[in-house]
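This report refers to the structure that appears directly beneath it.
Throughout, protein chains are lettered first and strands after them, A, B, ... in sequence-line order, and every chain is numbered starting at 1.
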Number of protein chains: 2
Amino acid sequence: MSRSTEGGSISEARERLLNTATRIFYTEGIHSVGVDRIVEEAKVTRATLYRHFSGKDDLVLAYLSLADQGIRGQVATAVASSESAPDQVRAVAKSITAGIRSPGFRGCAFLNAVAEYPDASHPIHQSVMAHREWFLNTVTDLLAQTGGGPADAAGRHLVMLRDGAMAAGCLFDPELISDTFLHGVEGILHARTA
Amino acid sequence: MSRSTEGGSISEARERLLNTATRIFYTEGIHSVGVDRIVEEAKVTRATLYRHFSGKDDLVLAYLSLADQGIRGQVATAVASSESAPDQVRAVAKSITAGIRSPGFRGCAFLNAVAEYPDASHPIHQSVMAHREWFLNTVTDLLAQTGGGPADAAGRHLVMLRDGAMAAGCLFDPELISDTFLHGVEGILHARTA
DNA sequence: CCGTCAAGACCGAACGTTCTCCCCTGGCGG
DNA sequence: CCGCCAGGGGAGAACGTTCGGTCTTGACGG
């Protein structure tokens, strides 16, 4: 476990910092927590934080980048789990509801972040936009493979449903939200394969 | 214009304060703006703010209450504009897309606020929840009047679509979002009246 | 020797909040 | 008519705390 070979540029303190920041930013928001909290709970000093990140914004960017990687992996796993395009869409939808049902779910990290950074020129806002663009393209491509012509409208429909499910998933019964979402996805699929 | 009779308990400074707070909180978020900004742009002094509100949180609550009143009025107008239940749902949906299309749209004031106040015990969080409960009940009642049995699932579906449309409306082309949303609403209606 | 980290002092600025002082206006009693 | 005063509002200083960020010192280990 202490094997830090292979490149070796990975700092253990940096990892603790990023994990702590991820947990706190996700559950409590960004503007409302100061670097003191993160530094304290990560058991590092301020100097260590600023040695690894250029500032708080950079830490937030790293947090979102980590979340982005996680979701991309999750989608890739879901797509790899099925053969047919419709089932791949269903698998992606199921992975979303799995997140909504999981304890500690606090909504979409990206939607939450963009609510705190409305300025479109801000790097954090742009990071959110980039993630959303990737996700829209990914599900649109997936839907296109189900046949039934251009999937742009269906892709937007699916993303809209996902955004609503993610936003409400921590404000309402997660089971009902998940059921409603999956039902809506089946509707989108049915409209294309019918 | 200076006629301030009739009760006269309405303070002109308070109104300026609340309007300014509404504009700034909605467009820039809550935690990221200080009372100094609001006080300055409302052309009042800090003392005046604290004479009318018990603190910043109270001002935020008043902002959300104002937004709540606005939306309730908007829904009431939409419902009154049509005779049949399906057309009333369409009218409500159109009023939502009108908001999304309007310049300066920054998403749902309540979803944005709750992203900054994840703590369920916080009064601001609870204020958002109360608004959302009212909205869900309202659209569920409306859908129930279209016939087709219990409308709980349809109501949740509609709210989910609305949440997604409001969340993405300021992150993507508002016209495409509006079209996608209205198309989804027609789908919900079609499933009930078919 | 050099990079990493702990520990903590320190900075200027902004935070939410409270304070005092004074002006202005309107109502009321003498 | 006049004097008084209560109260809303403006102006601004100041409160103590926290913010994000920098700096120093010294211990440890490759």
Side-chain angles (χ1 to χ4, degrees), chain A residues 1-22 24-25 28-64 113 116-119 122-125 127, chain B residues 1-22 24-25 28-64 113 116-117 119 122-125:
Chain A
M1 60 175 67
S2 64
R3 209 72 61 87
S4 66
T5 57
E6 173 190 55
S9 71
I10 302 166
S11 161
E12 211 260 319
R14 186 197 145 99
E15 215 158 348
R16 237 180 310 142
L17 219 23
L18 190 47
N19 288 338
T20 304
T22 292
I24 299 184
F25 283 152
E28 301 185 31
I30 299 174
H31 283 135
S32 61
V33 307
V35 293
D36 291 9
R37 266 287 303 285
I38 293 163
V39 156
E40 184 192 357
E41 295 201 25
K43 305 274 195 248
V44 299
T45 59
R46 300 162 102 64
T48 303
L49 192 163
Y50 287 97
R51 200 176 304 116
H52 291 288
F53 303 95
S54 64
K56 186 186 181 183
D57 281 5
D58 194 33
L59 185 58
V60 176
L61 251 11
Y63 148 59
L64 291 179
E116 298 204 53
Y117 292 86
D119 180 359
H122 196 290
I124 293 175
H125 186 103
S127 170
Chain B
M1 61 170 70
S2 63
R3 210 71 61 87
S4 66
T5 57
E6 170 189 57
S9 72
I10 303 165
S11 162
E12 210 260 318
R14 187 196 146 97
E15 214 158 348
R16 235 181 313 144
L17 219 23
L18 190 47
N19 288 338
T20 304
T22 292
I24 299 184
F25 283 152
E28 299 186 32
I30 299 174
H31 283 134
S32 61
V33 307
V35 294
D36 291 9
R37 265 289 303 285
I38 293 162
V39 154
E40 184 192 356
E41 295 200 23
K43 304 273 195 253
V44 300
T45 59
R46 288 171 196 74
T48 303
L49 192 163
Y50 286 96
R51 205 176 296 121
H52 289 288
F53 302 94
S54 65
K56 187 186 181 182
D57 281 5
D58 194 32
L59 185 58
V60 176
L61 251 10
Y63 149 58
L64 291 178
E116 298 203 52
Y117 293 85
D119 180 359
H122 196 288
I124 293 174
H125 187 102

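- The distance from atom CZ of B:R51 to atom C1' of C:dC21 is 13 Å, rounded to the nearest whole Å.
- Here B:H122 and B:Y117 bring their ring centres to under 6.0 angstrom of each other.
- When distances are taken from the side chain of B:A47 to each of D:dG20, C:dC19, D:dG8, the shortest belongs to C:dC19.
- Nearest nucleotide to the B:T45 side chain, out of D:dG20, D:dA13, D:dG10: D:dG10.
- Closest to the B:D36 side chain, of the nucleotides D:dC23, C:dC15, D:dG8, is C:dC15.
- Note on A:V39: nothing from the nucleic acid sits closer than 4.0 angstrom, heavy atoms only.
- Taking each heavy atom of A:V39 and A:R46 in turn, the nearest pair found is CG1-N, 3.8 Å.
- In this structure, CZ of B:R14 is placed 13 Å from P of D:dG8, rounded to the nearest angstrom.
- When the C1' atom of C:dA6 is taken as reference, atom CD of A:E40 falls 14 Å away, rounded to whole Å.
- Rounded to whole Å, atom P of C:dC5 lies 11 Å from atom CZ of A:F53.
- For A:V35, the side-chain atoms get nearest to D:dG20 when compared with the rest of D:dG20, D:dG10, C:dC5.
- Checking D:dG21, C:dG16, C:dC5 against the side-chain heavy atoms of A:K56 singles out D:dG21 as nearest.
- With hydrogens and angles ignored, the 3.5 Å screen pairs a side-chain donor or acceptor of A:S32 with a backbone N or O of A:E28.
- The listed nucleotides are D:dG20, C:dT17, D:dG12; the one nearest the side chain of A:Y50 is D:dG20.
- Distance from the side chain of A:R46 is smallest to D:dG21 among C:dG8, D:dG21, D:dG8.
- A:L59 has its CG atom 14 Å from the P atom of D:dC19, to the nearest Å.
- Counting non-hydrogen atoms under 4.0 angstrom, A:H31 reaches nothing in the nucleic acid.
- Mapped onto DNA chain D by nearest heavy atom, B:T48 and A:R37 fall at different nucleotides, with B:T48 at the one closer to the 5' end.
- Counting only distance, with no hydrogens or angles, the side chain of A:E41 and the backbone of A:T20 share no donor-acceptor pair below 3.5 Å.
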